[in-house]
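To start, the structure itself, in structure tokens.
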Amino acid sequence: MQKNRRQAGYDYIKQVSDSQNFLTEWKLIQRIIRLADIQKEDTVLEIGTGKGHLTEALCKRAGKVRSVEIDKKLMESAQKRLMKFDNVELASGDFMKYRLPEKGDYKVFANIPFFLTTQIVEKLTSGLNPPSDMWLVLEKGAAKRFLGLPQETKKSLELKVRWEMKIVYHFRREDFHPKPSVDSVLVHFSKKAIADLNGREYRAFQKFIEQGMKYGVTGKGGLLTQRQASAALKRAGLYHAYEDGVTLYIQWLCLFRCYQGLKGRKL
């Protein structure tokens, strides 16, 4: 049992290491770092130190850098590269077990392993003290799902309650070593100063999305009548996009608020 558990741990570390595609070209690293609003007073968390190329650029830009790396050999290489910096804190271990800051403002800049994309984004966006901003190198298909492109997904709708998101850079496959088999982009996640919904409303919104995507927002099995939905969108000035159905986050939010209002009247 213990041997199997140990082997599973080795396999997991190898899977993380094998799924990392490194950025090592200095001009490119400088270019994408300049796209981030990172100042001397900022604390930046990096996921995946690698050999320290990106970490080094972050150390020159931020006040403090905390970087987590699961591969011990890569960590040893990074430690040698980063010896000259006194504003970096290196942690050897699995980021999924790493404790995020419980208080204080921080930002994230990371080239993450693609096979852990969903888990990493979930951990960063759902914590009690999430970062104020994140710049994540993501597989393009996953990024589009988070952003709701070309259409909203359950995850994109949930994220947009608390986050503004946009693609700020498109990479070439040749920018990475080893070269990945998929296209990659840099996505900026910016936490809204005030979330569109509070905690209780957010949980109700999740159920509304599930029901709406399964049965349709209106019609048989829907939560609203066609008349109710049309009236709500017209009042909000959003009816112009309704010809193709409920397609935009702002429409989903509007109809959810209409639904909550109708429920309140019945109570």
Side-chain angles (χ1 to χ4, degrees), residues 37 117-136 138-170 182-267:
D37 181 25
T117 295
T118 300
Q119 297 94 313
I120 289 174
V121 171
E122 177 67 21
K123 177 170 181 171
L124 290 170
T125 57
S126 63
L128 294 176
N129 182 39
S132 58
D133 289 274
M134 306 188 296
W135 292 267
L136 301 179
L138 304 176
E139 186 266 318
K140 187 177 180 180
K144 291 174 72 174
R145 289 192 293 276
F146 290 136
L147 271 66
L149 300 172
Q151 62 185 24
E152 300 288 2
T153 64
K154 181 175 182 292
K155 190 60 185 176
S156 71
L157 291 170
E158 290 174 345
L159 283 170
K160 287 179 180 181
V161 171
R162 298 186 177 105
W163 299 87
E164 300 281 358
M165 299 170 288
K166 63 179 178 179
I167 294 173
V168 294
Y169 192 83
H170 292 261
V182 293
D183 293 326
S184 308
V185 293
L186 180 66
V187 179
H188 179 205
F189 294 70
S190 179
K191 185 164 65 73
K192 295 180 178 180
I194 301 175
D196 293 331
L197 302 170
N198 63 34
R200 182 180 295 179
E201 291 169 334
Y202 175 72
R203 291 186 288 274
F205 184 56
Q206 287 180 302
K207 294 179 181 178
F208 182 82
I209 296 167
E210 290 174 6
Q211 179 85 356
M213 287 190 164
K214 187 173 183 179
Y215 300 107
V217 175
T218 63
K220 188 176 181 180
L223 297 168
L224 296 170
T225 67
Q226 183 68 46
R227 183 176 179 180
Q228 288 169 336
S230 298
L233 292 169
K234 281 181 179 178
R235 284 196 301 271
L238 299 171
Y239 193 72
H240 65 284
Y242 190 51
E243 294 176 1
D244 297 324
V246 184
T247 58
L248 306 174
Y249 165 69
I250 194 170
Q251 290 178 315
W252 280 95
L253 190 60
C254 173
L255 294 179
F256 168 71
R257 285 173 170 156
C258 171
Y259 173 68
Q260 289 292 92
L262 292 171
K263 274 182 63 181
R265 291 179 196 173
K266 293 176 184 178
L267 295 177

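Please read all numbers here as calculations on a predicted model, not as lab measurements. Numbers here are sequence positions counted from 1.
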What pairs of residues pass the salt bridge (charged side-chain N to carboxylate O under 4.0 Å, His left out) test when at least one of them lies in residues 220-229, not counting sequence neighbours? none
Using 0.5 Å steps for rounding, measure from the CG atom of Leu124 to the CE atom of Met134. 5.0 Å
Would Leu157 and Leu159 count as a side-chain contact (heavy atoms from CB on, under 4.5 Å) if you check the C-alpha gap in whole Å, the side-chain angles of each, and the deciding distance to 0.1 Å? CA-CA 6 Å; Leu157 291 170; Leu159 283 170; over 6 Å; no
Hey, does Thr117 have a side-chain heavy atom less than 4.5 Å from the side chain of Phe146? yes
Less than 4.5 Å apart, any side-chain heavy atom of Asp183 and any of His170? no
Atom CG in Leu253, atom SG in Cys258: separation rounded to 0.5 Å? 12.0 Å
Report yes if some heavy atom in the side chain of Lys140 is under 4.5 Å from a heavy atom in the side chain of Val182; otherwise report no. no
Taking every non-hydrogen atom, the tightest pair across Gly141 and Glu139: N-OE2, 2.7 Å
The test is side-chain contact (heavy atoms from CB on, under 4.5 Å); show your working for Tyr259 and Gln228 and say whether it passes. CA-CA 9 Å; Tyr259 173 68; Gln228 288 169 336; over 6 Å; no
Residues which pass side chain to side chain contact (heavy atoms under 4.5 Å, CB included) with Cys254, listed by chain and number, not counting sequence neighbours: Ala232, Leu233, Ala236, Leu238
Heavy-atom distance under 4.5 Å between the side chains of Leu262 and Leu224, does that happen here? yes
Holding to ring pair (Phe, Tyr, Trp, His ring centres under 6.0 Å), I want the full list of residues that pass it with Tyr249, two or more places apart in sequence or in another chain. none
Is a side-chain N or O of Gln211 found less than 3.5 angstrom from the main chain of Gly216, in a donor-acceptor match? no
Find out whether Thr218 and Thr225 are in side-chain contact, i.e. whether some heavy atom of one side chain is under 4.5 Å from a heavy atom of the other. no
Pair Thr125-Trp163, side-chain contact (heavy atoms from CB on, under 4.5 Å): steps then yes or no: CA-CA 8 Å; Thr125 57; Trp163 299 87; 3.6 Å; yes
Test salt bridge (Lys or Arg N to Asp or Glu O under 4.0 Å) applied to Lys160 - qualifying residues, sequence neighbours left out: Glu152
Going by side chain to side chain contact (heavy atoms under 4.5 Å, CB included), name the residues that satisfy it together with Ala231, two or more places apart in sequence or in a different chain. Arg235
Check: Leu136 and Phe189 side chains under 4.5 Å, non-hydrogen atoms: yes
Set of residues satisfying ring pair (Phe, Tyr, Trp, His ring centres under 6.0 Å) with respect to Phe256, sequence neighbours excluded: Phe205, Phe208
State, yes or no, whether a side-chain contact exists between His188 and Met165 at a heavy-atom distance under 4.5 Å. no
Test item: Ser184 and Leu138 side chains (from C-beta on) under 4.5 Å apart, heavy atoms: no
For Tyr169, check ring pair (Phe, Tyr, Trp, His ring centres under 6.0 Å) against everything at least two apart and list the hits. Phe171
Counting only heavy atoms from other residues, nucleotides and ligands, does the tally under 6.0 Å from OH of Tyr215 exceed 12? no
Taking salt bridge (charged side-chain N to carboxylate O under 4.0 Å, His left out) as the cut-off, I'd like each qualifying pair that reaches into residues 122-136, sequence neighbours left out, listed once. Glu122-Lys155
How long is the straight-line distance from CG of Leu197 back to CD of Gln260, given to the nearest 0.5 Å? 8.5 Å
Can you pull the salt bridge (charged side-chain N to carboxylate O under 4.0 Å, His left out) pairs that have at least one residue in residues 197-214, sequence neighbours excluded? Lys154-Glu210
Across all chains, not counting sequence neighbours, the side chain to side chain donor-acceptor pair (under 3.5 Å) partners of Thr153 are Ser156
Determine the minimum heavy-atom distance between Ile209 and Trp252, stating which atoms define it. CA-CZ3, 4.0 Å
Can you name the residues that form a side chain to side chain contact (heavy atoms under 4.5 Å, CB included) with Leu149, not counting sequence neighbours? Lys144, Leu147
For Gln151, is the CD atom crowded, meaning more than 12 foreign heavy atoms sit under 6.0 Å from it? no
Go through the structure and list residues passing salt bridge (Lys or Arg N to Asp or Glu O under 4.0 Å) with Lys192, not counting sequence neighbours. Asp196
